[in-house]
Amino acid sequence: MSLQVFTFLLAGVIVVSGAIGVVLSKNPVHAALFLIQTLFGVAVEFLVVEAHFLAAIQVIVYAGAIVILFLFVIMLLGVDRAEDMRVEPIIGQRPAAIVTGGALLGLLLAVIASSDSLTGGRSQKGALDATDQLGAPLPNVNQLAESIFTDYVFAFEVTGLLLTVAVVGAVVMARRIPGALQPLPRTALDASREAAAEAALSEAAEDAADDGVDVDSAGEV
Amino acid sequence: MGELTHNYYLVLGAVVFSIGAVGLLVRRNPLVMFMCVELMLNAVNLTFVGLAWGLNDIGGQVAVFFVMVVAAAEVVVGLAIVVAIMRRRDGATSDDLSALRG
Amino acid sequence: MIESVLLAAESSADVGFPALTSLVVIPALGALALALVPAARVEAHRLIALLATVITGAISVWVLLVFDKSDGGFQLRSDDPTVWVESLGIRWDLAVDGISLFLVVLTGILFPLAILGVMPEHSPKNYYAWIVALEAGVMGVFLTLDLFFFFVFFEVVLVPMYFLIGRWGHGNRVYAATKFFLYTMFGSALMLVGILSIVFISENATGVVTFNILELAEGQHWGQTAGRWIFLSFALAFSVKVPIFPVHTWLPDAHTEAPTAGSVILAGVMLKLGTYGFLRFGLFLFPEASTWFAPVMMILGTVGIIYGAVVATMQKDLKRLVAYSSIAHLGFIVLGTFAITTEALTGSVMQMVNHGLSTGALFFLVGWLYERRHTREIAALGGLQKTAPIFAAAFTLVMLSSIGLPGLNGFVGEFLILLGAFVANPWITSVAATGVILAALYLLWAYQRVFHGPADGENAEMEDLKLSEGLVLLPMLALIVFLGVYPKPMLERIEPSIDALIAHIDRNVDDWTEPTADVLAPADDHGEDDHGDDEEHGEEAE
Amino acid sequence: MIDFVYLVPLLPLLGFTTLVLFGRRLGEPAAGWLATAAIGGSFLSAVLTFFGLRSLEGEERVVTKTLFEWVPVGDFSVDVAFLVDPLSVAMILFVTGIGTLIHLYSIGYMHGDENYSKFFLYLNLFTFSMLMLVLGNNLLLTFLGWEGVGACSYFLISFWFTDEANASAGKKAFVTNRVGDWGFMVATFLAFATVGSIDYLTLNGTASQMSTPVVTGIVLLLFVGAMGKSAQFPLYLWLPDAMAGPTPVSALIHAATMVTSGVYLLTRVNGLLYEVTERAGWATNLIAWVGVGTALFAATIAVAQNDIKKVLAYSTVSQLGYMILAVGVGAYVAAIFHMVMHAFFKALLFLGSGSVIHGMDNDQDMRRYGGLQKLMPITAGTFIIGWLAIAGVPPFAGFWSKDEILLGAWDSGGLNGKALWLVGLITALLTAFYMSRQVFMTFFGRYRYNDPDASEVDEAWSAYLADAEATSVSASAAAAETAQAHTDAIAAHAEASEAFSTAKIDAATVSGDDEESAKKAIEAADRALTSSAEAEVETKESSEAASAAATTASVALGDAQAAESARSGPALGEPDDAGEAASFLPEAVAARAEHHPHESPWHMTAPLVVLAGLSIVGGILNLPFTKGLHFLEQWLEPALAHEHVVNASAATKWILAFVAIAAGAVGILVAAQTYLQHRRDPALVERPILADAWGYDRVVSAFMGGPGTKLFDAIAWFDATIIDGMVNGVATTVRDGGSVVRRLQSGFVRSYALGISLGSVALLVWFFVRTAA
């Protein structure tokens, strides 16, 4: 077992355990922290296969910026309370999700197992192990830069535009509009929830009546 | 166990992707759902990088670069939406937003 | 034939003024102008609509005047059609021949009358805009030689009519409009597949993509089976539009609930899109399939004649009765179209115009009746001839035209259709001819119930025909009488194109010849010889 | 001079257009005079045409005058062209001639009608159409006229459209005729499909080359057309109803001209008929039998009609049957001869009846006529001439032509011909009978207009009985009431006497002030007792009186009932007497008594006189005695190439003539015995089933109104429910399917995500399976 494989496996355990943590932790803050764990693990995996630049921005952008953004939002909105994982309003969603996830995993693995060789055309610019005129291996950043600013320059520009639009959009949406906010439209779920609450209330009232207690006060209790 | 091959990355990617997918389907908190989406994106990134290595082609890494940018944009917009929703209803879950029911 | 057509097109290209294009463009511009004028400028709407339609009508009459009656090919066609999509061979290619000429003129005349004849009850701006837009679409269908544009126009006309019925109609108007729209849309969905099929089949054979019907028809690259199937896809679209039994039920609803102008246009020109389609895109593109399906179509036409008449007889709503009478009349046209003889085809084309005039006029009258009495129920009317003698006289004349009284236009068309169809198939035609009895039955019975008898209640106070209404009706009545007494100018313009069409069918279908007046030739030896010679001379003379 | 033929239809057309445009402004009587002048001019033109044609030699007398090309399409070409030959000229002469007379007559008859000018407008249009029918050189132009006259007939029958019955009759005429027109049209198609032409000369010329089925088909289909227009069984139904129109219309259209056009048409294509006779004799024989059958059938119905115009209508049907018979046996000259003669005398009879109706205040019931010859001498005289003519009395017009037809039938060969002749003869007898009946009932006998008729007497009696009964009932009710009052009074008296005694007892027990009041009470009670006793006596008297009145009334009722049951119908020839019920006769009777029948104005009588003259001498046209006297036959020869040549010997002819005269005489004598001398009860012949026209009309109407309407309704129901139901069913299915599928759209984003996941799984499976395979 080479160092490479060892590193990969170690990082892999970090990644997978982080991912499971994200899914299972009731508190979004915990989930965010687990996500950071996963992202760091991924960064390590990048390093293993010589994607140095990507590993760097994985840490800087993802872990540094995106997850922090998540945490900001969680804190801003104060939604850091635990989600009740015991109930599932949509009937059959959870088993279906697990079956689907399992099937997805199984099939993907089956596909990987059944494909024995790699095929595919080259992209126009550069192999990973390209060298300069002197025969020295090119730094990863240089290679990536060359590819991005030649072959993919149009995509790059468009991405820039996309980011700008996203920022503008985010600002517009998150802006606080003066005056009262339009409440969310009522949904079927709301109705069922209210019905359930009402049923519970009337049940309580009945119980209270049985016990000879005033209904209103029971409601307040 | 021998040498590291791109298949390791593919398997890892598949596992993380599936976990992300299950999380997305199971969790109701929109923020956590976003995190699961990030997991899935990262899983894809892993396969890209792994294949770039296996195929000895920088193109895979370029793709990852773009994925990251798009992920950043997506998170920005998505979180803005979450903020906008949460302002209207505190502690809303994704199931509360079912106004498009047929 | 193509050569002659192209030659004709060149010879008539020196007109200098794109008359046919303007027939489509002027109404379209009119609609645009109406859309741009503010809704508050009420007086401007009617004026613009009138201006657009009257100019269009004038151009259509001018086209009629410059039309060369000796030429059976397409005329006034630009020799260098504007290419719209080069790679798909889609061209803005308009032309007129004897078959489309009178439909174009009918459209040109009917639209201004429809605008003059009735005022919308509300939202005049949108109303006029839709009507004028409709004219552009209808003209486009009649004029284009390009299948792509044909399909576009064929579908485009649905939209204005949908809104006219849905917004300005009566009673159950939304139901009627939706039914009309969906039904006809459904009918023509398969036609698009058919159009693409023949275009691609031709492309495979020639390497050239073209939507031009002349080239497609001349090529006939599709085989027998494919041709029949594709013909069916076209036939379905046209059958719904005509409509032919049993896909007719949208028509009574649409006609009944439509506003008066809508009914007039619907009956006058829009139903002709179907029958015209059968002639131009059925017979011309698929000669083999048409001759193969001809007996079925003749039977369907006959069923339509009898069935429409029988159902019309029992209607309690006057407008609905007229609508069902349309089914019967269009049955005659279908019968004539698929008899594929010169007489029957010429009669069919003429009958299209006749039906437009007489049923259009009937719808005007029924509409005005409704304006006055606010009911169309036959049982609620009665004795109106006493209170409104001029109204009754106009109704009588139009009704007699519809019944097919000789000396009025309806007869000439009907007679020619039956005559030609008889030569093709005596038995079916003998049955179809009973339609004339039923036509008399349902119309006279309706007339009796509405106009005869004592007038009481509101019937006793009904206003007679107003001068303005009379003036709207006058051109139609004049044409009804003129075409009945002297149909020759019309027939001699239609016939060369029909001859060309029949020659085209004859060339492209191996074992088919036009049924001629010889099928029941006497068994006696000497008689047949003499007679046969006559026939041949007759054909040479043509 | 033949070119004058253009003027013949043109003048009525001009008259028509002028009246359309200015009719209302012209008003009465200018519009009428204008129309009459137009037809008169047309008649003069016809006369000039006649002389023009006469100046030509025999075979040249067939001239085609083309006006313009009408419907030219492909192999088919039809001109507006006139075929001027002896046959058509003979027709236009009598159409315009009689037309002029009837126009003139109408000026008086339509006096005061609010649609005066419209009437003449229609008449002119009718004449124009009729002339086109006659002059057309081809089937199509004839069809134009054919339908034109049909339409005018429709307009004129329903001329007084406010009455539903008239409107229905007009519609019935048009629709029934359309059934025949179907035959005409199909015949035209068949002719075109066979010959490639539909003009008469070509058709007659190529008849011999047509195959037997074709020529038979054309002839029979044309005969279907003729059955409609010439009112033959089974399509005759409309003609009796057509009498709803104004009488001049009945005379012009439904007796003299239009209805004969079927006969004319068959005569026109005599070349075809000849071929049919030669090759498929059954077909012409069928025509002959339909003709003679209709003649007999209609004659039996005419016997029992009471409406003066209905008799004439059925008579017309019957006479048309004769003409069809003549055509069927190939006696075309006889057919045309009878057609012209019939036009003379039937127009005369109709106009005469119109004059009577006019004079009798629009009453058409012959049972109320009688003795009118004194009051309307001209009408009566001319009507009697018409009667003699139709009854076949020599030397009046009808005798000659009817004789010709019977001779033709006899001579058509074999037992079949004899049978045709015999039926024709019986019809002749019946004709003489019913026409005599009409004349006797109308012009002879007692003046009966003041008499109440049977139904009115019945009405009077039932009114009388009802009145008596009402009296009786009210009297007994009054008796019961007074008796009750009496009982009440007795009770009141008893009460009062008790009150009195109680008061006395009370007075005995009190004293002091109370004594005073008790005394007053006694006085009051005494007064009450006295008055109640008076009341008792009074009510007793009134009760007795009332019960006596009730008894009287019930006796009177019994008497009335007895009288009613004892009353018998009128004695033969005597008026029905209402007797005791006379004062209860409907007011109409009294109103009639006020009426004084009068002779019509000169516009109306002048045509009668002219027509009467023609009916007397008309026979001269074609006297049978020597060849030289066959003017009509000689004249028509160029047009009728296939006239049947009579083989019968002169002796046979004489015998047949005498038999026919004898039959006519028998008919007249029987009628005279029955209706003049009242020796027989008319009910012997006036059977209800005959009055009901053998129930045929009723059955047909019942079928049309019953199962026929039901069938039509069923089809309309089928359309609305099944056909449209299927369409709506498709729509409903789509909508229902949509509302089911809609549930999938839960609105939960996680459900959608699950869907996407499932989709990816499915895609993966697909890829995997594909690469594996």
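Since we're looking at a predicted model, the values are computed, not measured. Letters A, B, ... mirror the listed sequences (proteins, then strands); counts begin at 1.
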| Is there a side chain to side chain contact (heavy atoms under 4.5 Å, CB included) between D:D724 and C:D253 once you walk through the steps? | CA-CA 10 Å; D:D724 203 25; C:D253 286 320; 4.0 Å; yes
| query | Can you check side chain to side chain contact (heavy atoms under 4.5 Å, CB included) on D:V71 and C:L491, steps first, answer last? | reply | CA-CA 8 Å; D:V71 185; C:L491 295 174; 3.8 Å; yes
Donor-acceptor contacts under 3.5 Å from residues 407-421 of chain C side chains, at least two apart:
{"residue": "C:N409", "atom": "OD1", "partner": "C:S401", "partner atom": "OG", "Å": "2.7"}
{"residue": "C:N409", "atom": "ND2", "partner": "C:N354", "partner atom": "OD1", "Å": "3.2"}

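Counting only heavy atoms from C-beta outward, the side chains of C:T249 and D:M726 never approach each other to under 4.5 Å. In this structure, C:Q448 and D:E164 have side chains that are in contact, with non-hydrogen atoms separated by less than 4.5 Å. Residues D:P72 and C:E492 form no side-chain contact, since every pair of their non-hydrogen atoms from C-beta on lies 4.5 Å or further apart. Taking 4.5 Å as the limit, some side-chain heavy atom of D:F712 sits within range of a side-chain heavy atom of C:L441. The shortest distance between side-chain heavy atoms of C:I403 and D:F174 falls below 4.5 Å. Under the 4.5 Å side-chain criterion, counting only non-hydrogen atoms from C-beta, C:K488 is not in contact with D:W70. At a threshold of 4.5 Å between non-hydrogen side-chain atoms, the residues D:F718 and C:V311 do not count as touching. At least one side-chain heavy atom of C:K386 sits under 4.5 Å from a side-chain heavy atom of D:T162.
When heavy atoms are compared at a cutoff of 4.5 Å, C:L400 approaches chain D solely by way of its side chain, counted from C-beta outward. Contact of D:T709 with chain C is made through backbone and side chain together, with heavy-atom distances under 4.5 Å. For chain C, the nearby part of D:N728 is the side chain; its heavy atoms alone come within less than 4.5 Å. Proximity to chain D (any heavy atom under 4.5 Å) is restricted, for C:T396, to the side chain, taken from C-beta onward. Residue contact with chain D, scored on non-hydrogen atoms closer than 4.5 Å, involves the backbone and the side chain of C:W445 alike. Heavy-atom distances place no part of C:I498 under 4.5 Å from chain D, backbone and side chain included. Heavy atoms of C:Y175 lying under 4.5 Å from chain D belong exclusively to its side chain. Proximity to chain C is limited to the side chain of D:L140, based on heavy atoms less than 4.5 angstrom apart. Both the backbone and the side chain of C:T434 come within less than 4.5 Å of a heavy atom of chain D. Heavy atoms of D:V727 lying under 4.5 Å from chain C belong exclusively to its side chain. Both the backbone and the side chain of D:S168 come within contact range of chain C, judged by heavy atoms closer than 4.5 Å.
Residues of residues 142-150 of chain D lying within less than 4.5 angstrom of chain C, judged on heavy atoms, are D:F143, D:L144, D:E147 in numerical order. Heavy-atom proximity under 4.5 angstrom to chain C picks out D:E114, D:K118 from residues 113-121 of chain D.
Distance check: C:Y307 OH to D:I715 CD1 gives 8.0 Å after rounding to the nearest 0.5 Å. Residue D:D719 holds its CG atom at 7.0 Å from CD1 of C:I327, rounded to the nearest 0.5 Å. Here CG of D:L221 is found 7.5 Å from OG of C:S430. Values are rounded to the nearest 0.5 Å. Distance check, rounded to the nearest 0.5 Å: NZ of D:K172 to CG of C:L444 gives 14.5 Å. The distance from atom CD of C:E343 to atom CG of D:D75, rounded to the nearest 0.5 Å, is 5.5 Å.
Chain C forms the most heavy-atom pairs under 4.5 Å with one residue out of D:W717, D:W182, D:F189, D:W160, and that residue is D:F189. Of the listed residues (C:P487, C:G383, C:A455, C:A439), the one with the most heavy-atom contacts under 4.5 Å to chain D is C:P487. Put simply, of C:R449, C:K179, C:H248, C:M314, the one with the most heavy-atom pairs under 4.5 Å next to chain D is C:M314. No other option in C:T313, C:I502, C:I494 has as many heavy-atom pairs under 4.5 Å with chain D as C:T313. Heavy-atom pairs under 4.5 Å with chain C peak, among D:A151, D:S158, D:S197, at D:S158.
Applying the side chain to side chain contact (heavy atoms under 4.5 Å, CB included) test to D:T66 and every residue at least two apart in sequence or in another chain returns D:T64, D:D79, D:A81.
Between C:F451 and D:F161, the ring center distance fails the sub-6.0 Å criterion.
Among all heavy-atom pairs drawn from D:I723 and C:P246, the shortest one is CG2-O, 3.5 Å. Closest approach of D:R178 to C:G404, counting heavy atoms only: NH2-O, 3.4 Å.
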